[in-house]
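Computed from a predicted structure; not experimentally measured. So that the names make sense, note that chain A is the first sequence line, chain B the second, and so on, each numbered from 1.
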Protein chains: 2
Amino acid sequence: MANAPNERTGRRIQSVEIAFTILDAVRKNDRPSITELADELGHSKSTIYSHLQTLESEEIIVREDDGYRLSLQVLDMANDVRNQVANYDVIVDAVDELANETGEIAQFGIEEHGQVSYLYKARGNQAVETASRAGGKQPIYSTSLGKSILAFLPPDRQEEIVSETTFERKTPKTITDPARLYTELEEIAERGYAIDDEENIEGLRCVATPVRNGTSVVGAVSVTGPASRITDDYLHGELAESVQRAANVIELNTKFS
Amino acid sequence: MANAPNERTGRRIQSVEIAFTILDAVRKNDRPSITELADELGHSKSTIYSHLQTLESEEIIVREDDGYRLSLQVLDMANDVRNQVANYDVIVDAVDELANETGEIAQFGIEEHGQVSYLYKARGNQAVETASRAGGKQPIYSTSLGKSILAFLPPDRQEEIVSETTFERKTPKTITDPARLYTELEEIAERGYAIDDEENIEGLRCVATPVRNGTSVVGAVSVTGPASRITDDYLHGELAESVQRAANVIELNTKFS
DNA sequence: AAGTATGTTCCTCAGAGCGGAACTCTTCAC
DNA sequence: GTGAAGAGTTCCGCTCTGAGGAACATACTT
């Protein structure tokens, strides 16, 4: 809708693309019917029909009286994902602990397709409400998680991501200039942690540190709180330390393959 | 592997089936490579290649240095599923409460493709360990959840499911005879709750009641515990009541569309 | 420097998959 | 109770997609 991602090389398989378009529509519309989907997606009823049949026989969707919906197999897949990405239990423990310790929101995220995806989110007892949730995505350049990951990625990958990114201003403070981003990434690499000073959401500041496996970055941990509580001193002092400690705990407790 | 499900009517779309076969392999193998997948699935490298390209551009899988894995978008889908199926928050609250109250495992499940799928599981403070988890599936005839749902399904749907089911003996007490199942379903319909007396896993007994929306069944709640603690009196008395209370809470707090 | 593994591209032909239209079956209006 | 409207399902034919083989590129091994 907003971005035209990688056109890349290699052939796309049309029917598979159609299938996922349908899946997406089933996700977003509430129990759509065949005709509904055919209209919305601009395909013939017969096309949609065979696709739905296929998806149902794959047990990825379920047909009910009032329309199609996703099946719980997706939850099963979600379990697998959590453990493929990282040692999920270790991350949950560390992030929970960080949230309790600070009272704020603590999160773990990784880079995917040039964006940050959240793997886990925990809320401390005075945490503000935010829309982010596990599985959600945010720009890499406007979040502390994103920048901290980016800063420690190999240069070629770093450039690849930046070059494929279209910068959108999310707040007055959002970085929208690649050059500006690169200089900040250098700072981050030196300092060891990244901050987000109301660059993604107004009123919110974050600190994040990368979680590494040897030299490569696997993800990052962050704390998010209201600008009113997160003063400069606190952010660069105690909070940065807490976040780094959490990242260390994850690194140590994770047995990377 | 064990069962040949519905051959049904309607055309299947081959390339979509291949795509999901690949997805499945990506789930189960640890970061497989293209060649690995080509060998395992018996397709040419070029076929696998274009499929992986497609799946990656759909952002459903991610390519990393050491192979492909599922993307966190799956977690996002999981969020959608939870709320499509039912009012997830209401269920979580009620099931947690039930687990605390009894100290055992409490679960909520629904029927999908003739089986029981778990939507949510909570563990009380003396709960035994079981392999079941959200997204997992179990036979409908050997679980209290399954039987309680089945008992309240419309007769035609009930028969459809039973006729498509192949009964496998899971313990000495498992029901493997349709006739036997039907008579038990009648009992359940009268009594209002179903039990599983070590029919699915030896040493475990369960009680379950359906959760209904008007006349139609949306799912069921259950409690599972070791046979040693779950005596006949307790099971048919206090425990059955607790489970029914939980089901009621869910029914009342859920605003069905 | 040759050898082995991978990922990538090219090409071709069979047949898969899309759309259109016909056919059921149910639901509603009156 | 009858007709119309809408849903889902089936059928069919033509086009062009997608599967596979093989050649090419690239990265590691030894």
Checklist line | Sugar-phosphate or base contact per nucleotide [nucleotides 24-30 of chain D; S, B, -; heavy atom under 4.0 Å] | finding: -------
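Residues passing the salt bridge (charged side-chain N to carboxylate O under 4.0 Å, His left out) test with A:E64, sequence neighbours excluded: A:R31, A:R69. For A:Y118, the ring-ring contact (aromatic ring centres under 6.0 Å, His included) criterion is met by no residue, not counting sequence neighbours. Not a single ring-ring contact (aromatic ring centres under 6.0 Å, His included) links A:Y182 to another residue, sequence neighbours left out. Among residues two or more places apart in sequence or in another chain, the salt bridge (charged side-chain N to carboxylate O under 4.0 Å, His left out) test is passed with A:D93 by none. For B:Y193, the ring-ring contact (aromatic ring centres under 6.0 Å, His included) criterion is met by B:H236, not counting sequence neighbours. A:D39 meets the salt bridge (charged side-chain N to carboxylate O under 4.0 Å, His left out) test with no other residue; sequence neighbours excluded. Residues satisfying the ring-ring contact (aromatic ring centres under 6.0 Å, His included) criterion with B:F108, sequence neighbours excluded, are absent altogether.
The rotation axes computed at either terminus of the helix from C:dA1-D:dT30 to C:dC30-D:dG1 lie 40° apart, taking five pairs at each end and rounding to 10 degrees.
One interatomic measurement links the two molecules: CD of A:E17 to C1' of C:dG17, which rounds to 14 Å at whole-angstrom precision. Going from atom CG of B:L52 over to atom P of C:dT9 covers 14 Å, rounded to whole Å. When the C1' atom of D:dG8 is taken as reference, atom CD of A:E56 falls 13 Å away, rounded to whole Å. The distance from atom CD1 of A:I34 to atom P of C:dT24 is 18 Å, rounded to the nearest whole Å. Look at CD1 on A:I48: it is 14 Å from P on D:dA7, rounded to the nearest Å. Separating the CD1 atom of A:I13 from the P atom of D:dG20 is a distance of 10 Å, rounded to the nearest angstrom. The interatomic distance linking B:Y68 (OH) with C:dT6 (C1') rounds to 12 Å, in whole Å. Summarising the geometry, the separation between CZ on B:R12 and C1' on C:dA16 is reported as 15 Å, rounded to the nearest angstrom.
A donor-acceptor contact under 3.5 angstrom links the side-chain atoms of B:S46 to the base of D:dG21. For B:S50 and D:dG18, a side-chain-to-base donor-acceptor distance below 3.5 Å is absent, hydrogens and geometry of angles not being considered.
Residues from residues 36-44 of chain A placing a heavy atom under 4.0 Å of any atom in DNA chain C, listed by number, are A:H43, A:S44.
Regarding contacts with the backbone of C:dT8, a side-chain N or O of B:R63 is found under 4.0 angstrom from either OP1 or OP2. One finds no side-chain N or O of B:S15 lying less than 4.0 angstrom from the OP1 or OP2 phosphate oxygen of D:dT17. Using a 4.0 Å cut-off, no side-chain N or O of B:Y49 falls inside it from OP1 or OP2 of C:dG7. Taking 4.0 angstrom as the limit, B:H51 places none of its side-chain polar atoms (N or O) nearer than this to OP1 or OP2 of D:dG18. Taking side-chain N and O atoms only, B:T35 has a distance below 4.0 Å to OP1 or OP2 of C:dG7.
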Item checked: Residues A:Q73, B:S117; criterion side-chain contact (heavy atoms from CB on, under 4.5 Å); working and verdict -> CA-CA 8 Å; A:Q73 205 201 326; B:S117 292; over 6 Å; no
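Along DNA chain D, the nucleotide nearest to A:S33 and the one nearest to A:Q14 differ in position, and the one closer to the 5' end is contacted by A:S33.
Note: B:Y141 and B:F167 have tilted aromatic rings, judged against thresholds of 30 and 60 degrees for the angle between ring planes.
Closest approach of A:T209 and A:S148 over heavy atoms only: C-OG, 4.1 Å.
Listed by first and then second residue, the ring-ring contact (aromatic ring centres under 6.0 Å, His included) pairs involving residues 12-33 of chain B are A:F20-B:F20 (not counting sequence neighbours). Applying the ring-ring contact (aromatic ring centres under 6.0 Å, His included) rule to pairs touching residues 58-80 of chain B yields nothing, sequence neighbours excluded.
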